[in-house]
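Every value quoted in this text rests on a predicted model; they were computed, and no experiment measured them. Chain letters run A, B, ... following the sequence lines, proteins first, then strands; residues in each count from 1.
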Amino acid sequence: EAPARAETITVTHWGSAFYGAPYAVALEKGFFKKRGLDITGFLTSAGGGTSVRNTLAGEVPFGEVALPAAILAIQSGQPIKIISGGVESVEDILWITQPDGKVGSLADLKGKKVAYTAPGSVTNMIILNCLQKAGLEQKDLQLVAAGDLGANLSAVLNRAVDAAMSGEPLWSGNQGKVKAAFWAKDCMNPALTQTVGITTAEFAKTGGDKLRALIEARREGVAYIKAHPDEAADIVAKAYSGDPKIFREVFKHFVGFEYFGDGRLHYDNMNRMLDGMKLVGRLKGPVEWGQVVDTSFLPKDLQASQ
Amino acid sequence: MAVVALSADPRGMPAQTREVHAALRGVTRVYGRLAALGPLDLDLVKGEFFSVVGPSGCGKSTLLDVLSGLGRPNAGSVTFEGAPVAGVPDGVGIVFQEDASFPWLTVADNVAFGLRRAGTDPAEIARRVDYALGFMGLTDFAGAYPAQLSGGMRQRVCIARTLVTQPRLILLDEPFGALDQQTRLLMGDELLRLWRETGATVLLITHALDEAAMLSDRIGVMSSRPGRFIEIVETGWPRERDSRIVAEERFGHVTARLWSHLREESLKAIGKKSVP
Amino acid sequence: MAVVALSADPRGMPAQTREVHAALRGVTRVYGRLAALGPLDLDLVKGEFFSVVGPSGCGKSTLLDVLSGLGRPNAGSVTFEGAPVAGVPDGVGIVFQEDASFPWLTVADNVAFGLRRAGTDPAEIARRVDYALGFMGLTDFAGAYPAQLSGGMRQRVCIARTLVTQPRLILLDEPFGALDQQTRLLMGDELLRLWRETGATVLLITHALDEAAMLSDRIGVMSSRPGRFIEIVETGWPRERDSRIVAEERFGHVTARLWSHLREESLKAIGKKSVP
Amino acid sequence: MLGLWQGLHAYAGEAAIASPLAAFRHLSGLLASAGFWSHAGATLTAFAGALVISALLGIGLGLVLGLRRFAGEVAEPILAGLYSIPKVTLYPVILLVFGLGLGAKVAFGVIHGVIPITLFTLTAVKGINPVLIRTARAMRLSQAATIRTILAPAVLPEIVTGLRVGFSLTLLGVLVGEMFASQKGLGFLIVNGISLHNVKQTTAVILMLVIVAVAANGVLLWLDRRFIHRAA
Amino acid sequence: MTRERAVTLTRIAWIAGFVVLLEAVCRLHLVNPLTLIPPSEMATTLWGMLASGEIAGDIARTFSTVAIAVVLAVAIGFTLGVAIHALPRVRQGLDPLLASYYSIPTFVFYPLFVAIFGLNSVPLIVLGMAFGVPAMILATLNGLDRVPRVLMRTARSYRLGRLATLAHVVMPSALPYLLTGVKLALAYAFIGIIAGEFILADAGLGHAIAYAYDGFENRTMYALMLFVLVVVTGLNMTLHAWEGRLMRRRARA
Ligand SMILES: Nc1ncnc2c1ncn2[C@@H]1O[C@H](COP(=O)(O)OP(=O)(O)OP(=O)(O)O)[C@@H](O)[C@H]1O
Ligand SMILES: Nc1ncnc2c1ncn2[C@@H]1O[C@H](COP(=O)(O)OP(=O)(O)OP(=O)(O)O)[C@@H](O)[C@H]1O
Ligand SMILES: [Mg+2]
Ligand SMILES: [Mg+2]
């Protein structure tokens, strides 16, 4: 294949969360290049909707974005398709508290001030699941949206709240300063599709080869992480300007619970996300997966997804 | 109050025996290393109209500052009605060269300002303001804001604002500087009328020799900086007088006399030796 | 150029036969519904010093506007050196009442401005600027910026800037308005010297009667708005004269004559009938 | 200043703001790393472009609106109104018009910076001493010469003031743009620092921005005092 | 007067023209209806939202936050301005700082504010004041600088005390400039708080816009943007008119 010109794709939360790790590895290891892709960078943003919009406006309309954002965009008529799966787990998400904090488990939540990221977000879904699990109502405690992970952490460190949401790599990097209160997996099945690959309906018609190559390159990256977690951690640490020691720790966990999907679509995991969206009142109507997804760019062996 | 008998002397006392209203004795004023004024003596006689002329920058405004208590002398003493001056004494009213009307107040409120601050009875304020507005030809503009008036009218507002407080000593620093000469002469007529009616002592600083000549009982001619009195010219005008005096011959004599004193001083002040 | 023989008539021609340098014929100027000037006739004689006095707002600046070609008359004609005026003609220099020095240029660059624009030879520019600075007593300030000068000095910069272009007709709109009377008289001396040396025709607008009386060959007295000439006063001064003239008796006669014409007009202009 | 900062650090703790020493140390570390300079370079490119566009557009528009008084009076409150709009809300529209990347960043910088520059220029031209224009006519200057030799130098001081404000706001706009969508730039480093709770990085980058902005303002102020001779 | 009316009418015509143009561009599908909707649709959506009261809570939240921020910014800025004016040396040092202040994206300090003020609406108020305070300081300094010296001397000639001078001469004289500061403080409070809500909060108009934006609810998003635009511009124009009236009353002929 002829080498393509330098191009950028969208990856949500590049640099701050690990959705981008397989892409970082693929770039470093030349998995893009060997498929004729000259990917030079990753456009990122901190918001679900922003990532989808960035994908729509990007030169190569491919993005790994939050599934809820993709669904909302499709439901509002945006011409996009879900073409692959991404991160399939929320096992790294937990709520933290001060080392001497009063929240030791789900049961302690009553009457406390508890932070999560933003209304309608995945963490909002999880905390509502946790409340159900603990038999609590929203009015039994004070839920506050504190912003991103960093803000949640500093809210705990500054004792502005009793517990706040956290995840990697902040959790691994701040052990000792905070302790775990309870985990997402204590409240629900943590197999949840967090991100998916999307593209525009138009590019799906013309850019099939490129999309297939992108998905394959990511898949190879995921496999590489599994095989060489330490090296992968180092690569990502370099790309994210992070601390390799912490990243190795993080990647050990990730490999343990199959954090990165290989690209196939897990409809159970995706449906759980729909349930979550319903729970926080974000879903506008029922979703027919058949009209939303396009599996034709997945490698043959992954097309027959569950 | 001191009563002295002197012929026209360096302190500037008139020939006859009269009551001294305000006095400067050996006053000097220095700004940093710049000697701006004096040493200088002056006795203002109660009820007289005294003008000060002198080249630009010679210290005329500084003299007013010191006399009014707005500024302090570096040496010498200032007394008003026998008491030493520190801060503006009660009974002294000042009209500045610049337009000092308050743009946020109507003409009537401007004129009432000093009385309100002093806590005068409202009915009395209304009475006095009405009178002052009428006197200054401003009755029709009582509700107007200064911005709607001409420069001369605004200056009249400031004069009225000072007059309603019925000062016994009125200090005016080039109050008609913004006006053309003809209007200035006419405003001089008003000032004379006022002076006659109130019996106040007036000290007027001006750069217009004809204005000084027409209005004053006595005119102090100042040297270039540091300002001192070179001479005090007595005009000998009757108390009843107005601007028609400029057409008279003796008026020409007074201005010519002032000019002969000032020509050299003014040349010094603008930095030229002499006109070739 | 028209040469006419007339005695002092409404058009303001002098008694003898002389060359007309600039002329207004039946000129009027209207701002919206406000008649500001005229109808008015005037012949300026080549080489004469003509002053215009009149109450504030009577249309003096409007007259200068029309004569200089900065403004157009609503009726009548304006000619300069025989040609109709449209836009400022070459050979006419104007000094405005307001400070028009360029604050971003030094004094020397200000004075050189017009010559540089005209593309004059640099050596010639340097020569003329040096001369003009010396003439105006500004040599020591050649490198200073206007902000560092007093108002009077800035006005001198503007005069110098106009003079270096060697205009044949110089129009001055109250150029000494910012100065005190004494400095003004001294600046008048400079102006007279300049006028003598260059032989230019000068039209000076002023509100100072003594200034007009001292400087001019002829003085046009304007009525209140819409301005017309009430009278044209001939002084009969010799060409060699200076401010010492104010001490003379015949000077007093001229000012008194001007004042008697203007008192009523000025009273009208400030909105009073007569001083009680 | 530093004392205040140290005090804040002592009060709020490491989790909220790094100590001055740590920030300076981290900054010198950043300055030594090649990666940082590619971020700084990305911001600088976008900022330089945005500033040039803001300045040219603002000064040009300001001159035109100032000279055409009627148009100026019509436009001024509209501009003031636009200035007070919370501009983050315009992000989707910017994305629609300019696409992603450099274009959007520059556009974001421009929409922040252009209005103050326009308004300062407009006010300056409107407030120009009319006698200067009359002088130009008395000297028979052509329109072009009048603009070049009279109008431009006369309004220069206000334009410099406008540029000072425009400089700051354009920089802010570019940074905000980078925070929304980018892979590079100091704005990205800031958001990244926030979301990774890398307080040192955030503080160090902001420290550098403050230093640069204050220095640039200082230079403009100095130029202003040194070369512009305002009327007393 | 007629000129003033002509100006106003022309301005309205321009704005109306722009709206009509936008409407046409959208109606003719020159831009993707998924990205931009016609103004008329924004207005009807907004009307519906206002009538149903669904955004009443957000409006109340934002407006009360803005109101508190403006009052505080004006009070603090004025006090600091008066203090700095009295200390010319401090002022010289602060000059370049005050001007470059605007280049700092203040919302990055949110974690700091949370640490200091807790996780409540105070950090948002501080965010709203962040630009308003320096604007008010500058306006106050500007106003105090322009109190003519002769008016201060007049105050002394009437033997006014410090407070009386401040109340009866300094304040009224500086009022138009102070008003400019208030206007800026208001604009900046809206900018800061809506941006803050956009990024960080869980209620308020900014959050509602962000939420709609994230959820691709374009009609809601544009309706809310329109609302903010109209309110902010309306407030701004009102203050502008008031300021203009004050300035005109004072402008010297
Ligand atoms: N506050 C001040 N600080 C320093 N120098 C001053 C101050 N006030 C006045 N001067 C200087 O003192 C001298 C006298 O000033 P003053 O204002 O008294 O002159 P003046 O006779 O009133 O001048 P004019 O006729 O121009 O009003 C001048 O040289 C002036 O520059
Ligand atoms: N551009 C203008 N538009 C409307 N009215 C004007 C304009 N210029 C002057 N006027 C009016 O025309 C009249 C004459 O004005 P002009 O400036 O010629 O008077 P002047 O004699 O020069 O007055 P002054 O002695 O105060 O300078 C005045 O009433 C003035 O208000
Ligand atoms: Mg003085
Ligand atoms: Mg005039």
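Remark: the B/T106 side chain and the B/D109 side chain contain an N/O donor-acceptor pair separated by less than 3.5 Å. A donor-acceptor pair shorter than 3.5 Å cannot be found between the side chains of B/T206 and B/E174. Side-chain contact annotation: B/D173 with B/S61, donor-acceptor N/O pair under 3.5 Å present.
At a heavy-atom cut-off of under 4.5 Å, chain B is reached by no residue from residues 55-79 of chain E.
Only the side chain of B/D65 comes within contact range of chain E, judged by heavy atoms closer than 4.5 Å. Heavy atoms closer than 4.5 Å to chain B are found in the side chain of E/R159, but not in its backbone. Using a 4.5 Å cut-off between heavy atoms, E/P172 touches chain B through backbone and side chain atoms alike. Interface remark: E/L175 contributes no atoms to any contact with chain B (heavy atom separation under 4.5 Å).
Annotation: E/F18, atom CZ; neighbour count of heavy atoms from other residues, nucleotides and ligands within 6.0 Å does not exceed 12.
No side-chain heavy atom of B/V20 sits less than 4.5 Å from a side-chain heavy atom of B/L44.
Under a 4.0 Å N-O distance rule, the pair E/D145/E/R91 qualifies as a salt bridge.
To the nearest 0.5 Å, atom CD1 of residue B/I205 and atom CG of residue B/L67 are 8.5 Å apart.
Figure legend: B/R196 and B/F49 shown without cation-pi pairing, the cationic atom not lying both under 6.0 angstrom from the six-membered ring centre and within 45 degrees of its axis.
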